[in-house]
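Single-structure report; data block below.
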Amino acid sequence: MEDCLVKRAYYEEKFLQGDLEEHPIRQLGELYLEEQKKDMADLSYIRFAQGEVYFHNCDYEAAIFKWENIHNELEPWAKKNIADAYFELGFLSTAEDIYKSITSDSLILNTEVALQLFTLYLEQQKYPEADQMIKNAVAIHPDYQNVTELACAFFEEQEDWNSAVELAVNEAARTKLPEWFQKIHSFIENGHTKSQGASHFVPILYLAQKVDLALFEKLMAALWKSHEQREDYLSWITEATIILLDSDLQHSYKWKSLPELINNTFIQLLSGRYNLADLTEILPNLLTAWLKVADIKTTPLASAGVLAWNDVFPSQMNQEVVHSAEESLAKSADQGTLMEKISGLVEVIQKWADERDLNLHKRFESSLNQLSDLKSRRWMIAGKSNSGKSSFVHLMLKQPDSSLIDTSLPVLYKNGEETGFQLMADEGISAVTTSKEIIEAESRQDTMLVYLEPNAFLQKHDVAIIDYPDLNGLNKKNKHFLEYVRMSDSLLFVLNSIEPFSTQECEFLLDVTERVPLCPVHFVLKKSEQLTSDKISVIGKRIKNYFPDAELIIYSAEEDDEQQQEALSHFIDQHLKTERNERLRSGNMLFFIRGTIKHLLQQQVKVEEKLLKSIQFDEDLLSKLQGAIHQLYDLEEEKTKVIQSAYRSLKDEIQADILNTIPKLIKESADILREDSDFGNIHHELNDEMNKRIDEYLQYTVHPAYISSLQNWISLSEGELNEAQELLISWNDSFNDLMGEERIRLECDFQILADWQRDADRMTGAIQMDQENILLKRTPSQVLLKSAGKIFGVIPANNTMMYNRYKSFVENENYNETAESIANKFFRQFEILEKAIPRDISLFFKEPFTALKKSAASYQEQVDQNKTALTEMKSHPETFRDPIRLFDVRLRQLEWLEFQEKSNKHVY
């Protein structure tokens with residue numbers, strides 16, 4: 001019945017019962033009339049049905065009218081229908097109020113109301129309210145038709161991924177339907193679960209195991225990858241391994257991605273990025289879980305990983321797991337080449353060392369790089385003294401004996417574009433410029449001489465040749481000899497021609513092949529009169545008894561080189577060219593990796609010493625930089641004083657001349673007075689004459705003198721500033737020499753000289769000076785004279801007397817105040833230049849100050865960083881050693897894979 005009410009099909013189910021021959025409105029109308037005739041008529045149900053028919057026919061007002069008169073158990077549904085009608089009419093506010101007023105115990109009705117409100121809020125773009133309504137609908141009746149799908153679609157559209165994920169998780173747990181697990185998987189893969197913690201999906205993962213193991217694996221793999229770049233990665237690994245260990249997983253299920261994922265995780269965790277203390281809590285369980293889910297491809301890796309961890313941390317692994325790993329590894333298929341995995345470990349170690357500025361074992365590093373390149377090869381040639389080894393080397397290289405390199409160092413002959421020598425020691429590689437460097441290197445056992453030259457033989461066969469120094473004694477514990485054997489793909493041993501293949505030589509080489517399994521050994525013998533064909537045949541048979549795969553090469557120093565070269569090429573094509581034993585190379589690479597790890601462990605003390613030296617050096621340099629900054633302040637102050645003082649000197653000199661000359665010019669102006677002058681107006685004429693003479697003096701005498709002095713001042717300033725720049729250049733060179741690079745540039749800004757010159761050029765034009773009020777000032781004597789002049793201008797007077805009085809007044813008056821006023825006005829036009837001198841000189845030194853301060857700040861930061869690093873290394877030595885121990889775990893895993901059984905491992 002509720003389904004009918006939802007579809008508004010109550011009228012069909014209750015009254016028409018499928019009879020649609022006549023229009024429902026007519027049928028219901030007739031039923032209404034019949035019901036009305038009854039004594040206890042109840043028209044509510046028919047009205048409800050009529051409202052449905054009106055609604056279907058879009059007569060919403062009639063429908064509302066019918067439903068408003070329903071007061072039975074259908075009243076909540078009637079209210080819901082009325083709200084729907086108002087919704088259709090566009091009266092959304094009214095519809096919302098009616099929806100909210102409905103109260104009912106019906107899950108379906110309440111769900112429908114929530115869904116209708118959800119739709120209404122979407123129409124109004126009230127997304128928070130819509131969000132609440134769809135969540136209400138899910139909470140009320142999650143099984144209701146498409147309500148969860150609708151909610152999920154809404155959350156996705158709103159990019160409310162937390163709600164979408166939570167809904168999918170809840171629905172997967174509630175329904176156990178695969179499609180909800182798939183939905184969770186898509187959210188994880190698309191990065192929408194980053195806000196959820198590592199343990200959030202644990203319950204759903206346990207459930208996924210029971211639903212479908214393939215789904216479980218997909219979810220685990222997706223979560224694993226999504227956590228790789230997150231801070232809670234280790235927490236996730238802990239949770240994931242607990243799930244795998246706790247679960248009773250089907251052995252028949254073939255895992256597709258988890259085994260390889262755990263393999264990659266194992267490699268990541270051993271890369272030196274994580275603390276060992278954290279990993280000791282995680283890796284034993286991870287390795288156990290890995291062994292549990294490993295497939296055919298990864299079972300050897302997982303087994304070797306368990307055994308490797310047990311080697312380094314024997315108390316941490318469950319011994320039953322260790323025993324199981326030994327059995328699995330023994331039964332596992334041959335891994336084939338491990339070169340890629342070994343090269344991966346080499347790259348990780350190199351990256352870790354580079355990030356910490358550590359010096360790797362350069363001979364080993366070079367050998368590792370060469371061994372990983374399957375296209376290139378190395379052959380080693382060795383023999384006792386007096387074996388004729390050198391002549392054989394030169395026969396191979398087609399070199400004359402005169403080019404023999406006379407040294408006790410191992411020599412690596414390589415094809416190169418240019419001829420040159422290098423010394424390769426454990427600490428580094430350096431170019432050789434003098435024979436003295438080679439002689440000094442002979443005292444060190446860790447050094448090899450590299451000889452590069454264009455060589456057709458080496459280029460043709462893509463090979464490098466190691467010429468090992470003559471062996472005076474065949475010591476089985478010859479450590480360095482074995483190192484060079486491991487650098488090579490084949491060993492060519494030149495026999496002693498006096499006693500070829502002696503017992504001593506045989507035992508020595510058997511020991512070599514025992515320590516370096518799979519290394520091909522061939523023998524070289526120089527012809528002599530004592531060596532007959534029969535003797536050579538006997539020697540060859542003896543060699544075959546001990547070295548069945550070995551060949552014996554006979555050569556002669558006297559025979560034609562071309563024939564011997566042809567025979568040698570035939571031997572190379574038949575034997576050496578095909579000997580690219582990857583198994584040999586992988587074993588040798590493991591040897592050099594172990595040597596590199598040992599070398600790294602010894603680096604801690606060296607790193608501490610290097611840090612300490614770096615701190616001392618940087619602090620010394622920092623002190624010098626700070627001292628230079630203080631000296632630069634003093635230099636700026638000194639140059640400012642000198643240049644300002646020079647300007648003030650020229651100004652004082654010109655000012656003194658003005659103060660001395662102008663009073664004279666004013667007094668000399670009295671020479672324009674005559675006995676017949678107009679004494680009533682004479683003071684104006686005199687004042688004009690005085691200003692004229694002063695103006696001419698300033699324009700044609702003072703101003704040119706000032707401009708000339710200014711040029712001299714600019715020249716003096718330029719000399720002072722050049723002197724400062726030369727001093728800074730010497731500082732610049734000293735600092736860069738100390739720093740070992742062109743790191744600092746102390747260049748001053750000479751633009752200020754150009755600015756001063758421009759200002760000087762602009763001043764060469766005429767100066768503008770206002771007239772000075774010299775005789776028209778209101779002093780008592782001047783007033784008296786003016787009055788007297790006016791009187792005498794009216795009343796006839798004695799002109800001679802007036803002439804004498806005026807002349808005496810002009811010549812005897814004090815004009816110092818006037819001269820000072822004129823001097824001040826003159827220099828006021830140039831005071832901007834004077835005031836700007838300190839600022840301009842400061843700009844001149846600005847860039848050197850910036851460069852020194854920036855460099856000082858950089859070195860201060862470097863000192864602080866190195867001190868922090870040194871303190872960290874001393875207080876927490878494990879931060880350096882722990883990653884190396886983890887590299888050792890990875891190395892041991894590869895060793896287990898290489899040799900399959902612990903008892904068959906190489907002796908190092």
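What you are looking at is a predicted structure, and each value in this text was computed from that prediction instead of being measured.
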### Message
Between Glu483 and Arg486 (salt bridge meaning N to carboxylate O under 4.0 Å), is one present in this structure?
### Response
no

### Message
So, using ring-ring contact (aromatic ring centres under 6.0 Å, His included) as the criterion, who are the partners of Phe181 when residues are at least two apart?
### Response
none

### Task
Look at the side chain of Glu217 and the backbone N and O of Lys256, then say whether any donor-acceptor pair between them is shorter than 3.5 Å.
yes

### Query
Can we call the ring centroids of Trp352 and Phe880 under 6.0 Å apart?
yes

### Task
Over all heavy atoms of both residues, which pair between Pro259 and Trp290 is shortest? Give the atoms and the distance, please.
O-NE1, 3.3 Å

### Task
Applying salt bridge (Lys or Arg N to Asp or Glu O under 4.0 Å), name anything that partners Lys544, two or more places apart in sequence or on another chain.
Glu551

### Query
Relative to the ring of Tyr546, is the ring of Phe501 parallel (under 30°), tilted (30 to 60°) or perpendicular (over 60°)?
tilted

### Query
With distance as the sole test, does Lys218 use its side chain to make a donor-acceptor pair with the main-chain N or O of His185 at under 3.5 Å?
no

### Task
Mind jotting down which residue pairs meet the salt bridge (Lys or Arg N to Asp or Glu O under 4.0 Å) criterion with at least one end in residues 265-284? Sequence neighbours excluded, please.
none

### Task
Would you indicate whether Glu355, at its atom CD, is surrounded by more than 12 heavy atoms from other residues, nucleotides or ligands within a distance under 6.0 Å?
yes

### Query
When rounded to the nearest 0.5 angstrom, what is the spacing between CG in Asp882 and CG in Leu279?
9.0 Å

### Task
Please find out if less than 6.0 Å separates the ring center of Phe508 from that of Phe481.
yes

### Distance, nearest 0.5 Å, that separates OG of Ser303 from CH2 of Trp896
10.5 Å

### Message
To check you understand the geometry: which heavy-atom pair defines the closest contact between Glu898 and Ser586, and what is its length?
### Response
OE1-OG, 3.0 Å

### Task
Go through the structure and list residues passing ring-ring contact (aromatic ring centres under 6.0 Å, His included) with His192, not counting sequence neighbours.
Trp161

### Query
So how far is it from Arg377 CZ to Ile465 CD1, rounded to the nearest 0.5 Å?
10.5 Å

### Task
Provide the full list of salt bridge (Lys or Arg N to Asp or Glu O under 4.0 Å) pairs with a residue in residues 180-202, sequence neighbours left out, each pair given once.
Glu156-Lys183

### Donor-acceptor pair, side chain of Ser488 and main chain of Tyr484, under 3.5 angstrom
yes

### Query
Should the heavy atoms of other residues, nucleotides or ligands under 6.0 Å from CD of Glu320 be counted, would the total exceed 12?
no

### Task
Give the intermediate values and the outcome of side chain to side chain contact (heavy atoms under 4.5 Å, CB included) for residues Leu283 and Phe266.
CA-CA 8 Å; Leu283 271 167; Phe266 181 69; 3.7 Å; yes

### Query
Taking only residues two or more places apart in sequence or in another chain, which ones pass salt bridge (Lys or Arg N to Asp or Glu O under 4.0 Å) with Asp232?
Arg230

#### Entry: Asp888: salt bridge (Lys or Arg N to Asp or Glu O under 4.0 Å) partners, not counting sequence neighbours
Arg594, Arg892

Do any side-chain atoms of residues 202-215 form donor-acceptor pairs under 3.5 angstrom with protein atoms, and if so which ones, sequence neighbours left out?
| unit_1 | atom_1 | unit_2 | atom_2 | d |
| --- | --- | --- | --- | --- |
| Tyr206 | OH | Asp246 | OD2 | 3.2 |
| Gln209 | OE1 | Ser247 | OG | 2.8 |
| Gln209 | NE2 | Ser247 | OG | 2.5 |
| Asp212 | OD1 | Ala214 | N | 2.9 |

### Query
Do Arg378 side-chain atoms and Ala464 backbone N/O form a donor-acceptor pair below 3.5 Å?
no

### Task
Answer yes or no: is there a side-chain heavy-atom contact under 4.5 Å between Asn318 and Thr288?
no

### Message
As a quick check of understanding, evaluate side chain to side chain contact (heavy atoms under 4.5 Å, CB included) for Leu471 and Phe493, giving each step before the final call.
### Response
CA-CA 11 Å; Leu471 296 163; Phe493 193 84; 4.2 Å; yes

### Message
Just so I know, are the side chains of Leu234 and Leu269 near enough to count as touching, which here means a heavy-atom distance under 4.5 Å?
### Response
yes

#### Entry: Atom pair CD/CG of Gln893 and Leu270 - distance to nearest 0.5 Å
7.5 Å

### Query
How would you list, by chain and number, every residue that makes a ring-ring contact (aromatic ring centres under 6.0 Å, His included) with Phe364, sequence neighbours excluded?
His361, Phe592

### Message
Return the CD1 to NE2 distance between Ile884 and His599, rounded to the nearest 0.5 Å.
### Response
10.0 Å

#### Entry: Test ring-ring contact (aromatic ring centres under 6.0 Å, His included) applied to Tyr274 - qualifying residues, sequence neighbours left out
none

### Message
Using a 3.5 Å distance criterion without hydrogens, assess whether the side chain of Ser343 forms a donor-acceptor pair with backbone atoms of Glu340.
### Response
no

### Message
With a 4.5 Å cut-off on side-chain heavy atoms, are Asp462 and Asn415 touching?
### Response
no

### Query
Quick one: are Val348 and Phe887 in side-chain contact, heavy atoms under 4.5 Å?
yes

### Query
Side chains of Lys389 and Lys384: does their closest heavy-atom pair fall under 4.5 Å?
no

### Query
Who passes side-chain contact (heavy atoms from CB on, under 4.5 Å) against Glu260, sequence neighbours left out?
Asn263, Asn264, Lys297, Thr298

### Query
Is there a donor in the side chain of His323 and an acceptor in the side chain of Gln319, or the other way round, less than 3.5 Å apart?
no

#### Entry: Residue list, side-chain contact (heavy atoms from CB on, under 4.5 Å) with Gln316, at least two apart or on another chain
Thr280, Pro284, Trp309, Phe313

### Minimal non-hydrogen separation, Val485 against Met380, with atom names
N-SD, 3.5 Å

### Query
So, for Met424 and Lys362, which heavy atoms are closest and what is the spacing to 0.1 Å?
SD-O, 4.1 Å

### Message
I want to check something: taking the side chain as every heavy atom from C-beta on, are Ile553 and Leu525 in contact at a cut-off of under 4.5 Å?
### Response
no

### Message
Could you check whether any side-chain N or O of Asp511 sits under 3.5 Å from a backbone N or O of Glu507, counting only pairs where one atom can act as donor and the other as acceptor?
### Response
no

### Message
Between Asn310 and Met317 (side chain of the first, backbone of the second, donor and acceptor by atom type, cut-off under 3.5 Å), is there such a pair?
### Response
no

### Steps toward salt bridge (charged side-chain N to carboxylate O under 4.0 Å, His left out) verdict (Lys254, Asp295)
CA-CA 7 Å; Lys254 293 183 178 180; Asp295 55 11; over 6 Å; no

### Task
Return the orientation label for the His461 and Trp379 ring planes: parallel under 30°, perpendicular over 60°, tilted otherwise.
tilted

### Task
In sequence, state the C-alpha distance, the side-chain angles, and the governing distance for Val450 and Tyr413, and then conclude on side chain to side chain contact (heavy atoms under 4.5 Å, CB included).
CA-CA 6 Å; Val450 181; Tyr413 292 93; over 6 Å; no

#### Entry: Side chain to side chain, Trp180 and Val169, heavy atoms closer than 4.5 Å
no

### Message
How close do Phe187 and Ala168 get, counting heavy atoms only, and between which atoms?
### Response
CE1-CB, 4.0 Å

### Query
Quick one: does Thr265's side chain get under 4.5 Å of Tyr233's, heavy atoms only?
yes

### Task
Using modelled atom types only, decide if a donor and an acceptor are shared between the side chain of Thr513 and the backbone of Leu510 within a distance under 3.5 Å.
yes

### Query
If you round to the nearest 0.5 Å, how far is CD1 of Ile243 from OG1 of Thr238?
11.0 Å

### Message
On a heavy-atom basis, which atom in Pro517 and which in Leu584 lie closest, and how many Å separate them?
### Response
O-CD1, 3.5 Å

